[in-house]
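Letters go in sequence order (proteins before strands), and every chain restarts at 1. Note: hydrogens, waters and symmetry copies are ignored here, and every other heavy atom, side chains too, is used.
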There are 2 protein chains.
Amino acid sequence: MSDLLERLRGRGWRMTAQRRVVAEVLDGEHVHLTADEVHSRAVAKLPEISRATVYNTLGELVSLGEVLEVATDKRAKRYDPNAHRPHHHLVCAQCGAIRDVHPNGNPLADLPSSERFGFTVSDVEVTYRGICPNCAAAA
Amino acid sequence: MSDLLERLRGRGWRMTAQRRVVAEVLDGEHVHLTADEVHSRAVAKLPEISRATVYNTLGELVSLGEVLEVATDKRAKRYDPNAHRPHHHLVCAQCGAIRDVHPNGNPLADLPSSERFGFTVSDVEVTYRGICPNCAAAA
DNA sequence: ATCCTACAATGGACAATGTCTAAGTCAAAT
DNA sequence: ATTTGACTTAGACATTGTCCATTGTAGGAT
């Protein structure tokens, strides 16, 4: 079932009904929910869960490195539980659908030191944009 | 002076004091201001300019393709006037400083068709993250 | 130079997203 | 079973962005 829950338990994370529900909602592939969507789905399973708890829990999961924040949407942050395997994103410019993708090569190596301005570069995030098959068909 | 203003005039964009001020604030290299920062600086030059106008104007500049929205920060959108030359971004994870960078290679070519899920991919946005020299020195 | 009119600007209410706090509740160690 | 510190709650608050009815104005026409 839940790789995510397993890992969290293994790390001694204090388990509560609320945290379990949030982790369950996030578990899976190609999952990229906003905080509000996480909250809605969590409420469906546990009506008395509060918004603050969802935000707190998401923040902790990010700190733990179990979930990534992605800013593909210009509106709200999205949360991607697939943090253990590096990947990038392909976003539909029209409907906002998101897929995880694995490009060839290593973009980090493509940034020459002359373009690093003295930064210690540790990470790179690639967002591809285009039109998904659905939206293309609708047009 | 202002390449941006020149281009806008050339495109028959109706010029007003407010629009000129917004364009002036945005003009330059390595400029990545939030809407609110644009507003503050615009107010310094033209105290009666309203927030709505700044948002409207930024939106139009984006539609015209003269300015790009970038979502490096998880909080607010930032506006990058350097739209005529393609480039990517290097962001300090600590203080949020942003530099324009030009990596080698073409990331678009690195996404094999098997990883495109039927999308028509038209654009790619690369964000490098690291620690800037200032923050490294402070640590 | 003056007048018109379509387009732009205003400000203030509203909406969406995220943060904080004080008080109550509970998981887990003992 | 008790205890304790961490977790949760509800709602106020903060920030960022949008909308709309009204007022103002740039730039072409005369």
Side-chain angles (χ1 to χ4, degrees), chain A residues 5 8-26 32-64 66-80 96, chain B residues 4-6 8-26 32-64 66-80 96:
Chain A
L5 272 175
L8 290 170
R9 264 186 233 282
R11 296 178 65 165
W13 200 50
R14 180 167 167 180
M15 190 54 60
T16 67
Q18 292 83 350
R19 289 176 165 194
R20 185 175 42 70
V21 165
V22 170
E24 282 172 4
V25 165
L26 280 175
H32 309 89
L33 301 169
T34 63
D36 200 53
E37 287 164 347
V38 172
H39 180 236
S40 301
R41 300 193 185 194
V43 164
K45 296 177 170 226
L46 185 69
E48 53 281 349
I49 194 171
S50 82
R51 223 156 47 93
T53 296
V54 170
Y55 277 98
N56 288 343
T57 304
L58 288 172
E60 283 175 50
L61 290 173
V62 170
S63 295
L64 289 169
E66 293 291 347
V67 166
L68 291 178
E69 284 181 354
V70 295
T72 55
D73 190 304
K74 299 300 199 313
R75 298 267 284 261
K77 296 179 207 174
R78 289 177 176 276
Y79 293 87
D80 182 339
Chain B
L4 185 50
L5 271 175
E6 288 310 311
L8 290 170
R9 262 186 236 281
R11 297 179 66 165
W13 200 50
R14 181 166 167 181
M15 189 54 62
T16 67
Q18 292 82 351
R19 289 176 165 196
R20 186 175 41 71
V21 164
V22 169
E24 283 173 3
V25 165
L26 279 176
H32 310 88
L33 300 169
T34 64
D36 199 53
E37 287 165 346
V38 172
H39 179 239
S40 301
R41 298 192 187 195
V43 165
K45 294 179 173 225
L46 185 70
E48 55 281 352
I49 195 172
S50 82
R51 219 158 50 94
T53 296
V54 171
Y55 276 97
N56 289 341
T57 304
L58 288 171
E60 284 175 47
L61 290 173
V62 171
S63 296
L64 288 170
E66 292 291 347
V67 165
L68 292 177
E69 284 181 353
V70 296
T72 55
D73 190 304
K74 299 301 197 315
R75 299 268 285 258
K77 296 179 206 171
R78 291 178 176 273
Y79 293 88
D80 182 340

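Taking the side chain of R14(B) as heavy atoms from C-beta on, and the options dT25(D), dG11(C), dT9(D), the nearest nucleotide is dT25(D).
Between R19(B) and the phosphate of dA8(C), there is a side-chain N or O to OP1/OP2 separation shorter than 4.0 Å. Between T16(B) and dA9(C), a side-chain N or O to OP1/OP2 separation shorter than 4.0 Å is present. Between Y55(A) and dG18(C) there is a side-chain polar atom (N or O) within less than 4.0 angstrom of OP1 or OP2. OP1 or OP2 of dT9(D) lies within a sub-4.0 Å distance of a side-chain N or O belonging to Q18(A). Side-chain N/O atoms of T53(B) include one lying less than 4.0 angstrom from OP1 or OP2 on dT10(C).
Distance I49(B) CD1 to dG24(D) C1': 14 Å, rounded to the nearest Å. Distance CG (L58(A)) to C1' (dC7(D)): 15 Å, rounded to an integer number of Å. Residue E60(B) contributes atom CD, which lies 15 Å from atom C1' of dT18(D) at whole-angstrom precision. The distance from atom NE2 of H39(A) to atom P of dT19(C) is 15 Å, rounded to the nearest whole Å. Rounding to whole angstrom units, CG of residue D36(A) and C1' of dA15(C) are separated by 12 Å. Rounded to a whole Å, the CD atom of E48(A) is 19 Å from the P atom of dC7(D). When rounded to the nearest whole Å, the span between CH2 of W13(A) and C1' of dA6(D) equals 13 Å. If you take CG of L46(B) and P of dG24(D), they are 16 Å apart, rounded to a whole angstrom.
In this structure, R9(B) CZ and L4(B) CG are separated by 11.0 Å, a value rounded to the nearest 0.5 Å. Taken to the nearest 0.5 Å, the CG atom of L68(B) stands 11.0 Å off from the CG atom of L61(B).
Using a 4.0 Å heavy-atom criterion, one finds that A76(A) contacts the sugar-phosphate atoms exclusively.
Heavy-atom distances to DNA chain C give each of M15(A) and N56(B) a nearest nucleotide, and the one nearer the 5′ end belongs to N56(B). In this structure, S50(A) and A52(B) both approach DNA chain D, and ranking their closest nucleotides by distance from the 5' end singles out S50(A).
You'll find a donor-acceptor pair under 3.5 Å spanning the side chain of R51(B) and the base of dG17(D), going by distance alone.
Between L26(B) and the options V67(B), L5(B), V21(B), a side chain to side chain contact (heavy atoms under 4.5 Å, CB included) holds for only V67(B).
Residues R41(A) and E37(A) are not paired through a salt bridge, judged by the lack of any N-O separation under 4.0 Å between the basic side chain and the carboxylate.
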>> As a quick check of understanding, evaluate side chain to side chain contact (heavy atoms under 4.5 Å, CB included) for T57(A) and V38(A), giving each step before the final call.
In response: CA-CA 11 Å; T57(A) 304; V38(A) 172; over 6 Å; no
